[in-house]
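Here's the structure, in C-alpha cells; my notes come after.
Computed from a predicted model, the values in this text were never measured in an experiment.
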Amino acid sequence: MQQTFTPHVYWAQRHEDIYLRVELIDAQNLDISVHDNVLQFKAQGHGAKGQNDYEFSLMFLNAVKTEVSYRSTQRQVNITVKKQQRGWWERLTVQEKKPVFLAPDFDRWIDESDAEMELREKERKNCLSMESRRTENSLITLKKGLLFTYNLVQFLGFSWIFVNMTVRLIILGQVSLYDTFYTISDVMFSCQILASVEVLNAVFGLVKTGVVPTFIQVVGRNFILFIIFGSVEEMHNKPVVFFVFYLWSAIEVFRYPFYMLACIDTEWKTITWLRYTAWVPLYPLGVLAEGVAVFQSISVFDERRLFSIPLPEGLGLGSSVSFSCILYVYLPLMAIGLFINLRHLSRLRRKRLHIKKRKSN
C-alpha cells in the first residue's frame, strides 16, 4: 500500500480571508474541501518526499465558510478560505501548538495594523470606484437625455414642416408650390441651425457616426438654405423650394424617431427599416433638387453681382469675379458629396439590416 505524506504548507490571513500555499509541484487529482471548520487536502504530486500522495487536515480556530477556492500552478497549490465573520485571528488552528508542516507565508504575511490599513485602502478604492461608476452613469444618463431632447425637438420641427406642406398641397394644390418659403422658412431655418449640433456630436464622440458625411450634409443644406434661398429674394417663390424642403423633411421624419428610440435603448424594427431605406430614393432626389436650385440661382447672382469677389486693379480680369463662378464649382462638389454620403449610408444599411454584399464574378 502506497504511503501518504504531508506537504509543506504556508499560511497568511486578512480580516476576511485565509490564504494557504501548498508546496506541491505538478499537483494532480486534487481533492480539497471544508466541513465543520476542517479543511481536508488530498493530491498527488512532487513534494518534500518526492513523487507521492500527499494529504493534510487543518481545524481552524474560528468558523469558516464551506466554499473553498484554489488554483494549481506548476510549482504550488494556492487555496483561499473565507472567514465566517470578519476579524483577526491570533493563530490559524484550534490547537495552540502549530503543526510541524505549517509555517507563516512571509511573502504575504502582514500584521493586524497593516491589514487594517490595507483594508481601509481597499474600501477607499471601492468607494472611489463606486463614485466613479455613479458619476459615469450620471453622465451617460445626462448625455442620453440631451440627445433624446434634441432628436425630439428636431422630429417635431421636421414633422410640422412635412405635415404642413402636405396639407397645403392637398388643399391649395399647385399654388402651394410658390409660397413655401414664406410659410415654412422660419421653422426650417431653426431646424437647420440646430442641426449644426450634429457635427459637434460626431466630432466629440457623443454619437457613433462619421464626421465627414455629417459635415457634408449639414454644411450643404445650410448653404442651400441661407445662401441660395435666404439671400436671394428672387428664389423665394420658386417651386424648387417646395421640393427641397419636402424631401429634406421626408428624410428626417424617419431618421430622428430612430435616434430617439436608440437613446432609450429601444428598437422598433419598422422605424429601423424606414430610417435605413427611405434615404435610397429621397436622398438623391433631394440633392438633385438642390442642384436645380443652385443652377436657377446662377443667373440671379450674375445679374445682381451679389457676393462678387473684388479683384486688384491691373490684373486685366475686371473689377470682380461673380459668385456664380463659385456655384459652377459647387455643382460638381455636390455630386462628390452625394457619392461619399451614399457610400456611407449604404455601408450603414448593410450593417444594420444584415444585408450581405454581393460578390462580383
Side-chain angles (χ1 to χ4, degrees), residues 1-138 140 265:
M1 185 175 180
Q2 187 174 1
Q3 187 176 0
T4 301
F5 298 95
T6 304
H8 292 306
V9 181
Y10 301 89
W11 79 284
Q13 67 170 317
R14 297 295 185 270
H15 283 87
E16 297 177 347
D17 301 304
I18 295 293
Y19 303 119
L20 300 174
R21 177 167 58 87
V22 183
E23 282 199 347
L24 200 59
I25 299 174
D26 296 329
Q28 297 178 348
N29 301 325
L30 289 163
D31 183 9
I32 305 172
S33 61
V34 174
H35 297 288
D36 298 328
N37 297 327
V38 177
L39 181 137
Q40 299 284 348
F41 177 94
K42 293 182 180 179
Q44 296 174 339
H46 189 90
K49 301 295 183 179
Q51 186 69 30
N52 280 295
D53 293 336
Y54 289 86
E55 66 177 52
F56 68 89
S57 64
L58 291 172
M59 178 173 286
F60 294 114
L61 176 65
N62 295 313
V64 297
K65 297 181 180 180
T66 56
E67 297 84 6
V68 58
S69 60
Y70 63 89
R71 184 171 62 90
S72 177
T73 68
Q74 186 178 4
R75 299 182 59 83
Q76 60 196 22
V77 179
N78 296 306
I79 304 172
T80 302
V81 180
K82 295 283 185 182
K83 295 178 180 179
Q84 194 74 256
Q85 292 184 346
R86 179 179 174 276
W88 195 258
W89 295 359
E90 62 181 20
R91 60 179 183 272
L92 180 63
T93 59
V94 172
Q95 63 269 29
E96 292 187 9
K97 187 177 180 181
K98 177 176 64 66
V100 293
F101 63 86
L102 186 65
D105 188 351
F106 291 108
D107 290 337
R108 306 190 68 172
W109 190 270
I110 58 176
D111 58 29
E112 185 174 3
S113 60
D114 292 335
E116 284 286 354
M117 293 179 61
E118 183 183 80
L119 183 62
R120 283 197 295 269
E121 180 65 17
K122 181 179 178 181
E123 291 175 348
R124 187 185 68 83
K125 289 182 178 179
N126 288 337
C127 289
L128 290 175
S129 178
M130 291 177 62
E131 185 66 28
S132 175
R133 284 196 296 269
R134 282 196 295 266
T135 303
E136 183 178 353
N137 291 336
S138 299
I140 291 174
D265 300 321

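- Among residues two or more places apart in sequence or in another chain, the side chain to side chain donor-acceptor pair (under 3.5 Å) test is passed with Glu23 by none.
- Within the model, atoms CZ of Phe5 and CG of Asp53 stand 9.5 Å from one another, a figure rounded to the nearest 0.5 Å.
- Atoms CH2 and CD1, from Trp11 and Ile18 in turn, are 6.0 Å apart once rounded to the nearest 0.5 Å.
- Legend: residues meeting ring-ring contact (aromatic ring centres under 6.0 Å, His included) with Tyr54, ordered by chain and number and at least two apart, are absent.
- Taking CD1 from Ile79 and CZ from Arg71, the interatomic distance works out to 12.0 Å, rounded to the nearest 0.5 Å.
- At least one side-chain heavy atom of Leu20 sits under 4.5 Å from a side-chain heavy atom of Leu92.
- Scanning for salt bridge (Lys or Arg N to Asp or Glu O under 4.0 Å) contacts around Arg124 gives Glu121, with sequence neighbours left out.
- Every residue two or more places apart in sequence or in another chain that forms a salt bridge (Lys or Arg N to Asp or Glu O under 4.0 Å) with Arg134 is listed here: Glu131.
- Under the rule for a side chain to side chain donor-acceptor pair (under 3.5 Å), Ser138 has no partner lying at least two apart in sequence or in another chain.
- For the atom pair Ile140 CD1 and Thr135 OG1, the distance stands at 11.0 Å (nearest 0.5 Å).
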Distance-only donor-acceptor hits, side chain of residues 24-39, under 3.5 Å, sequence neighbours excluded:
from  : atom 1 : to    : atom 2 : distance (Å)
Asn29 : ND2    : Gln44 : OE1    : 2.6
Asn37 : OD1    : Val64 : N      : 2.9

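- Residue pairs meeting the side chain to side chain donor-acceptor pair (under 3.5 Å) criterion with at least one partner in residues 81-94, sequence neighbours excluded, are Gln13-Lys83, Asp17-Lys82.
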In a table with atom names and distances, give each donor-acceptor pair under 3.5 Å that connects a side chain of residues 94-110 to protein atoms at least two apart or in another chain.
from   : atom 1 : to     : atom 2 : distance (Å)
Lys98  : NZ     : Leu102 : O      : 2.8
Asp105 : OD1    : Arg21  : NH2    : 3.2
Asp105 : OD1    : Asp107 : N      : 3.3
Asp105 : OD2    : Arg21  : NE     : 3.2

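- His8 NE2: 12 or fewer foreign heavy atoms inside a 6.0 Å radius.
- When side chains are defined from C-beta on, Val9 does not count as touching Phe41, because their heavy atoms never get closer than 4.5 Å.
- Taking the side chain to side chain donor-acceptor pair (under 3.5 Å) definition, one finds that His46 meets it with nothing, sequence neighbours left out.
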